[in-house]
Amino acid sequence: MTRKALIRALPKAELHVHIEGTFEPELMFEIARRNGVSIPYPDVETLRRAYDFHNLQSFLDIYYAGASVLLYEQDFYDLATAYFARCRDDHVVHSEIFFDPQTHTARGVAFDTVLNGLTRACRDAETKWGIGSRLIMCFLRHLSEEDAFATLEQALPFKQHIIGVGLDSSEVGHPPSKFTRVFERARAEGFLAVAHAGEEGPPEYVYEALDLLKVSRIDHGVRAEEDDALMRRLIAEQMPLTVCPLSNLKLKVVSELTRHNLHRMLERGVLVTVNSDDPAYFGGYMNKNFTDVADALDLNENNIRMLCKNSFKASFLSDAEKEQWCRRVDECVLDAV
Ligand code: ADE
Ligand code: ZN
């Protein structure tokens with residue numbers, strides 16, 4: 001069995017995907033047309049050609065502009081449903097999905113419009129395709145603490161639909177410590193916590209996410225390798241890192257996939273996972289991330305199996321569900337050889 005066929009066959013969970021980052025240009029043009037909104041690009045091909053980024057900020061500028069055509073509940077439903085269809089194709093059986101409410105509420109779109117569209121899509125994906133999901137609400141770290149607190153207040157009536165809070169957007173200059181009190185309040189309300197740290201930011205931001213925000217996972221975290229004490233801690237605590245290989249390549253966090261540290265970290269015992277981040281912008285969904293990084297780093301069957309099992313271990317599923325999926329990964333590999 002080829003590497004690609006093995007990756008396709010294995011069940012996996014995605015733990016780091018921004019729903020606004022799954023917005024394919026074709027759907028963007030369709031929704032813009034029906035909403036009577038204009039896009040500053042003449043067609044899909046020209047828009048796709050603009051997806052040439054030199055760092056995180058150059059991507060975020062286009063990503064926020066793209067999200068601005070989303071106005072109605074049906075738009076959010078269609079966006080998430082298109083993503084779930086990709087999950088079905090890639091044998092992603094469970095996804096923990098980020099959404100950025102402030103990107104929408106700042107434009108006058110109500111919080112419940114966003115949430116109702118997404119939750120309806122999650123329910124239908126479970127019914128139609130058996131794909132499980134959870135929603136994680138991210139605070140935009142370039143905005144103020146006060147804005148994040150207001151967003152948290154808006155989310156409280158919808159608590160049963162949101163498993164956790166996250167932290168995303170422009171990292172450098174906006175350390176996790178800026179949001180210590182917001183996360184404290186969110187955790188007191190029962191939300192789990194995750195945060196982007198160590199993507200472009202230094203290892204200190206990873207320490208802050210762990211010690212101040214008390215996160216259950218670090219999103220990206222690839223720069224943690226620069227600090228050996230931090231690496232030893234991540235390994236000892238089995239703190240998951242949700243790594244996104246194609247994102248790191250497109251945003252120039254690594255110059256080439258062959259230089260990615262995923263394999264090194266996996267071999268050292270870090271609980272690393274593979275994810276797509278913003279697949280519509282970075283050139284591929286889950287299986288493309290797996291296949292490209294596996295080819296670049298010459299990952300063997302055992303590495304791939306471990307990455308799939310890690311995706312369940314690092315998830316917010318119950319222990320029983322985690323064990324069941326890990327068993328399925330093992331059985332699937334046995335079938336394959
Ligand atoms: N928002 C969407 N994708 C992101 C990323 N890779 N880093 C930070 N914020 C993001
Ligand atoms: Zn991300």
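We number each residue from 1, following the sequence as shown. Every number for a ligand or one of its atoms is a count from 1 in the order of the listing.
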(message) What I want to check is whether the side chains of Asn275 and Thr273 have a donor and an acceptor closer together than 3.5 Å.
(response) yes

(message) Can you pull out every ring-ring contact (aromatic ring centres under 6.0 Å, His included) where at least one residue sits in residues 190-215? Sequence neighbours excluded, please.
(response) His16-His196, His18-His196, Phe98-His196, His196-His220

(request) Before accepting this row, confirm whether a basic side-chain N of the pair Arg3/Asp298 lies closer than 4.0 Å to the acidic partner's carboxylate O. (result) yes

(message) In the structure I gave you, are the side-chain heavy atoms of Tyr281 and Phe53 within less than 4.5 Å of one another anywhere?
(response) yes

(request) Examine ligand 1 and decide if any of its atoms is less than 4.0 Å from a heavy atom belonging to Asp219. (result) no

(request) Would you mind checking if Lys250 and Asp277 are paired as a salt bridge, meaning a charged N to carboxylate O distance below 4.0 Å? (result) no

(request) Spell out the protein N/O/S atoms under 2.8 Å from the Zn ion (ligand 2) as residue plus atom name. (result) His16 NE2, His18 NE2, His196 NE2, Asp277 OD1

(request) Give the numbers and elements of all ligand 1 atoms closer than 4.0 Å to a heavy atom of Phe59. (result) 2 (C), 3 (N)

(message) I'd like to know if Phe98 contacts ligand 1, where contact means a heavy-atom distance under 4.0 Å to any ligand atom.
(response) no

(request) Give a yes or no answer on whether the side chain of Arg217 reaches the backbone of Ala314 with a donor-acceptor pair at less than 3.5 Å. (result) yes

(message) One thing to verify: whether Lys309 and Asp330 come together as a salt bridge, which I'm taking to mean a side-chain N less than 4.0 angstrom from a carboxylate O.
(response) yes

(request) Write out the residue and atom name of the closest protein heavy atom to atom 1 (N) of ligand 1, then the distance separating them to 0.1 Å. (result) His18 CE1, 3.5 Å

(message) If we ignore hydrogens and angles and just use 3.5 Å, is the side chain of Lys322 paired with the main-chain N or O of Lys313 as donor and acceptor?
(response) yes

(message) Could you identify the single nearest non-hydrogen protein atom to atom 6 (N) of ligand 1 and state the distance to 0.1 Å?
(response) Asp277 OD2, 2.7 Å

(request) Using side-chain hydrogen bond (donor to acceptor under 3.5 Å, both in side chains) as the criterion, list what pairs up with Glu237, not counting sequence neighbours. (result) Arg233

(request) Using a 4.0 Å heavy-atom cut-off, say whether Leu56 meets ligand 1 through its side chain, its backbone, both or neither. (result) side chain

(message) When you measure from the heavy atoms of Ser169 to every atom of ligand 1, does any distance fall below 4.0 Å?
(response) yes

(message) Which of the numbered atoms in ligand 1 are under 4.0 angstrom from any heavy atom belonging to Leu60?
(response) 1 (N), 10 (C)

(message) Can you tell me which portion of His220 lies within the under-4.0 Å heavy-atom range of ligand 1? Options are side chain, backbone, both, or neither.
(response) side chain

(message) Heavy-atom distances under 4.0 Å decide this one: backbone, side chain, both or neither, for Glu199 against ligand 1?
(response) side chain

(message) Counting C-beta onward and ignoring hydrogens, is there a side-chain heavy-atom pair between Tyr285 and Val17 closer than 4.5 Å?
(response) no

(request) If a pair satisfies salt bridge (Lys or Arg N to Asp or Glu O under 4.0 Å) and one of its residues is in residues 120-142, list it, with sequence neighbours excluded. (result) Glu73-Arg120

(request) Name the closest protein heavy atom to atom 3 (N) of ligand 1, giving the residue it belongs to and the distance to 0.1 Å. (result) Asp278 OD2, 2.6 Å

